Amino acid sequence: MTMLTEGKHTGGFLVWEVLRDYTRETVTIASGAGKLEPGTVLGRITTGGKYTSFAPGASNGSQNASGILWDSVDASASDAPGVVLLRGPAIANRHDLVWPDGATEAQITAATTALASIGIILR
């Protein structure tokens, strides 16, 4: 029998938001970010303002959590548009978020604090 695996759902991480037209925006996901799932924590690259996966060890701005990806995006070969939860008030389920492989508990705590500073609370 074939085993089926259900992936993450668009916006499935969101528990509550004040108003979608306020909390979400369409942004540019930087080329080379790869295939990203809904709920991926993002960082904003300082030069150019594009977004990519949160990278705690980086020094280009992506080491600061600045949003959560709403839907799947493939930015493997070129820049791609993506809807991102950028500000609150909003509440997200922390267990449904996608963190980078190898992220430490301290890095996740720092990212959680950064998201809280823009009004996105993780529960």
Side-chain angles (χ1 to χ4, degrees):
M1 176 184 234
T2 303
M3 178 71 84
L4 300 177
T5 302
E6 187 171 355
K8 295 199 176 279
H9 294 273
T10 300
F13 62 89
L14 188 66
V15 175
W16 175 85
E17 67 184 324
V18 67
L19 181 65
R20 72 173 182 221
D21 293 332
Y22 175 74
T23 59
R24 302 180 217 166
E25 285 187 31
T26 301
V27 302
T28 301
I29 307 298
S31 175
K35 293 182 180 182
L36 305 177
E37 296 181 88
T40 299
V41 178
L42 300 174
R44 185 173 183 258
I45 300 169
T46 307
T47 306
K50 296 176 184 176
Y51 288 77
T52 189
S53 296
F54 168 64
S59 60
N60 65 353
S62 64
Q63 73 274 15
N64 303 311
S66 57
I68 304 171
L69 188 63
W70 183 254
D71 197 2
S72 298
V73 171
D74 185 356
S76 300
S78 63
D79 290 351
V83 175
V84 177
L85 180 67
L86 282 182
R87 67 185 67 84
I91 300 172
N93 183 339
R94 65 183 177 167
H95 301 292
D96 287 337
L97 298 184
V98 178
W99 298 99
D101 290 339
T104 67
E105 200 57 43
Q107 292 167 334
I108 291 172
T109 299
T112 299
T113 301
L115 290 172
S117 73
I118 56 174
I120 302 171
I121 307 299
L122 305 185
R123 297 277 187 234

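Because the structure is predicted, anything quoted here is derived from the model rather than measured.
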What verdict does the side chain to side chain contact (heavy atoms under 4.5 Å, CB included) test give for I29 and L69, after you've listed the backbone C-alpha separation in whole Å, the side-chain angles of each residue and the deciding distance to 0.1 Å? CA-CA 10 Å; I29 307 298; L69 188 63; 4.2 Å; yes
Going by salt bridge (Lys or Arg N to Asp or Glu O under 4.0 Å), name the residues that satisfy it together with R94, two or more places apart in sequence or in a different chain.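 Once residues adjacent in sequence are excluded, R94 has no partner under the salt bridge (Lys or Arg N to Asp or Glu O under 4.0 Å) criterion.
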Verify whether one side chain among S76 and D74 offers a donor that lies under 3.5 Å from an acceptor in the other. yes
Restricting to non-hydrogen atoms, name the atom on L115 and the atom on G67 that form the minimum distance, rounded to 0.1 Å. CD2-N, 3.7 Å
Measure across S62 and T52 and return the closest heavy-atom pair with its distance rounded to 0.1 Å.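 That would be CB-CG2, 3.6 Å.
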Does any pair with a residue in residues 39-58 pass salt bridge (charged side-chain N to carboxylate O under 4.0 Å, His left out), and if so which ones, sequence neighbours excluded?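 Non-adjacent pairs meeting salt bridge (charged side-chain N to carboxylate O under 4.0 Å, His left out): K50-D79.
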From CD1 (I120) to CZ (R87), nearest 0.5 Å: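 If we round to the nearest 0.5 Å, I120:CD1 and R87:CZ are 9.0 Å apart.
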Going from CG on N64 to CD1 on I118, what distance comes out if it is rounded to the nearest 0.5 angstrom?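 That separation rounds to 10.5 Å.
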Do any pairs count as a ring-ring contact (aromatic ring centres under 6.0 Å, His included) and have a residue in residues 22-69, sequence neighbours left out, and if so which ones? none
Applying side chain to side chain contact (heavy atoms under 4.5 Å, CB included) to R20 and L14, what does each step give before you reach the verdict? CA-CA 11 Å; R20 72 173 182 221; L14 188 66; over 6 Å; no
[X] and [Y]: same hydrophobic cluster, using ILVMFWY side-chain contacts below 4.5 Å?
X: V84; Y: I45; answer: no
X: W99; Y: W70; answer: yes
X: L85; Y: L19; answer: no
X: V27; Y: V83; answer: no

For residues 32-43, please give each side-chain donor-acceptor pair under 3.5 Å, one per line with the distance, not counting sequence neighbours.
from : atom 1 : to  : atom 2 : distance (Å)
T40  : OG1    : E37 : N      : 3.3
T40  : OG1    : E37 : O      : 2.6

Any pair with a residue in residues 103-121 that passes side-chain hydrogen bond (donor to acceptor under 3.5 Å, both in side chains), sequence neighbours left out, goes on the list, sorted by first then second residue, please.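 Sorted result for residues 103-121: T104-Q107.
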With D96, which residues qualify under side chain to side chain contact (heavy atoms under 4.5 Å, CB included), at least two apart?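 D96: side chain to side chain contact (heavy atoms under 4.5 Å, CB included) contacts with F13, N93.
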The test is side chain to side chain contact (heavy atoms under 4.5 Å, CB included); show your working for T23 and V18 and say whether it passes. CA-CA 7 Å; T23 59; V18 67; 3.9 Å; yes
